[in-house]
Structures are given as C-alpha cells and as structure tokens.
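Have a look at the structure below, then the notes.
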Amino acid sequence: MAQIIDGKLIAENLKQNISKQVKQYLEQGLRKPGLSVILVGDDPASQIYVRNKSTACKEVGFESTIYRLDPNITKEDLLDLICKLNQDSAVDGILCQLPLPKHLPTREVLEAIDPAKDVDGFHPINSGRLFSGTESLLPCTAAGIIKMLKSINYQFVGKKALVIGRSNIVGKPTAILLLNEDCTVTIAHSKTRNLAELSRQADLLITSAGKEKFITPEFTNPEQVIIDVAINRNAENKVVGDVDFVRVEPLVKAITPVPGGVGPMTIAVLLENTLIAYRNHLEEAAT
Ligand code: GUN
C-alpha cells in the first residue's frame, strides 16, 4: 500500500498560515491583499477553477474580484483592462485564466501583466528568473508539487525524475524546479518513445498527460513516488487523473489522489504568491 499524499491537508495548513499573516496586516491597519481574476468566455472547467480560486481568496481574507468577460472581447479591450489593473494600487495580483478564446493572443496577454503582479508566474521575466534560479513568482502548480514533496520529506538529490508533459504551465516549470532541487530530470511528451520503460526507471513520476488510465502498472516500480497533475473526466463524469489508481496505488511507494492532490496545492500557492506580491507592493510603496 502506498503512502497517500494528502494535498488537501497540506494546502489547508498553508492557507491557515496565510490567513494568520493577513490578520496581522489588518491589525496593523493595512488594507487586504487584492487579487483580480480575469475569465474570458464560458468554458465550464475554467468557470469552476476561477470560482474555487475566488472562494479560497475570501477564506484567507483577501479581496478578490472576478472579471467575467464576453468571449468575443477584442484584444484591445482585454489589454485595456489589464493596463488598468496594473495601475490600480489596491490590486496586488492579476491572473488571466487560460485557455483564452482562439482569437486572443495568449502570449501578448500574459506579457501585458505587470511582472510584479504576475501571480501565475507566466510572464517571461518571471520564467527567466525561474530558469536562472533567482527569486521570482513561481508557477503555482509546479511550486505546489515541490511543496507537497517537501512536506513528505522527499529527498530530491540525485533522484531520477520523469516529467510527462511539456506545457509552459506545468511540465516545463516543474522540470526546472526539480533540476534546481538536484534531481536528474527527463521531460517526456507525445513523441517520446518507450515511455513505459523510461517511467519504470524513474524514482519520481510527475504526470500531466491529460489521459485517463494512462499510467498503468507497467510504468511503475516499488520505490516510485507519483504526482498526478491531470484533471480528466471519466465516463461517469467523475474527476480522475492520469493514473489507473486502483491498479497502480498498491505497487508504488507514495502517490497523490485526484481529486484532493495537486489541485488544492495550486490554489494554496496562488494565495501565497498573492501575499508575496502584496508584501513587495507595500515595501515598494514605503520606499
Ligand atoms: N489554466 C489551467 N491552469 C491554469 C493556471 O494555473 N493558471 C491560469 N491562469 N490558467 C490556467
């Protein structure tokens, strides 16, 4: 039987800590940290993610505003809103939920966000800092994965890590953070050959393929730790990850559940990033 890594519990502890810090700021007469969330269109999954992010903000005492924008909004109008939020001194963090409708240029939109307010860590300034190992706002899912592993006292140094998925949101930043922890990292993707064999050799498997029951027993070894990042819907419309959990869980050392694994950690790190941006913002205002 594997150790189940309880992301929900770890995230809850992080949130309590954030909540305590917010209370202390308010007691000093300071304003609440503020997060603005932009949602373009009506993608059902994005609506749920945005609602969860906003609820979490309120739980820890942040001010949170959701901008629900028409799917046909022009690039100019969206950039205008981002520009206003960049200039708004009560806004510490700005998040534009992805994916954007096809007519909007994702890169240009993300690059319009002030890097100091980029709580998703997607601006090239922040990814450049991540790449060079200097302090930055880190992409939330990647940072959440590292926090989860640290919370079970995972010994990273020299471990063979396999990251399945090369997205800018999850795969690439996770691989860099694992490298910064002294893992030996392989990034696999849809063109990778002999994936099951590669995976069998991995001490640590991080999967974000987005395919139900993709990770089967032949991908595993008894010492393996698996972090399942994917959020898929199965035939019964239930949320499941990439791992064939029932068959794989008894065969590995530790594993995250879906739901209740990486998802809550992503939100907790978003709150932490917002608090960091808030603190930096206050310090900048004081100088
Ligand atoms: N879409 C899927 N994951 C994310 C995320 O972490 N941030 C944003 N902004 N959009 C996403």
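In listed order, ligands and their atoms are each counted from 1.
Looking at D120 against ligand 1, only its side chain comes within 4.0 Å, counting heavy atoms. The proximity of L95 to ligand 1, defined as any non-hydrogen pair under 4.0 Å, is limited to the side chain. Neither the backbone nor the side chain of Y49 comes within contact range of ligand 1; no heavy atom lies under 4.0 Å.
Counting protein heavy atoms only, atom 11 (C) of ligand 1 is closest to Q97 NE2, 3.4 Å. The single protein non-hydrogen atom nearest to atom 1 (N) of ligand 1 is L98 O, 2.9 Å, given as residue, atom name and distance. Protein heavy atom in closest approach to atom 3 (N) of ligand 1: I169 CG2, 4.0 Å.
Across K159, Q155, K150, a single residue satisfies side-chain hydrogen bond (donor to acceptor under 3.5 Å, both in side chains) together with E181, and that is K150.
A donor-acceptor contact shorter than 3.5 Å is absent between the side chain of K15 and the backbone of C57.
Within the cation-pi definition used here (under 6.0 Å to the ring centroid, within 45° of the axis), K172 does not qualify as a partner of F131.
One finds a salt bridge joining K147 and E272 here, because a Lys/Arg side-chain nitrogen approaches an Asp/Glu carboxylate oxygen to under 4.0 Å. Ion pairing between D92 and R31 holds under the 4.0 Å rule for side-chain N and carboxylate O.
Note on ligand 1: C96 sits in its first shell, one or more heavy atoms being nearer than 4.0 Å.
Within the structure, salt bridge (charged side-chain N to carboxylate O under 4.0 Å, His left out) contacts touching residues 243-267 (residues at least two apart or in different chains) are E223-K253, D244-R247.
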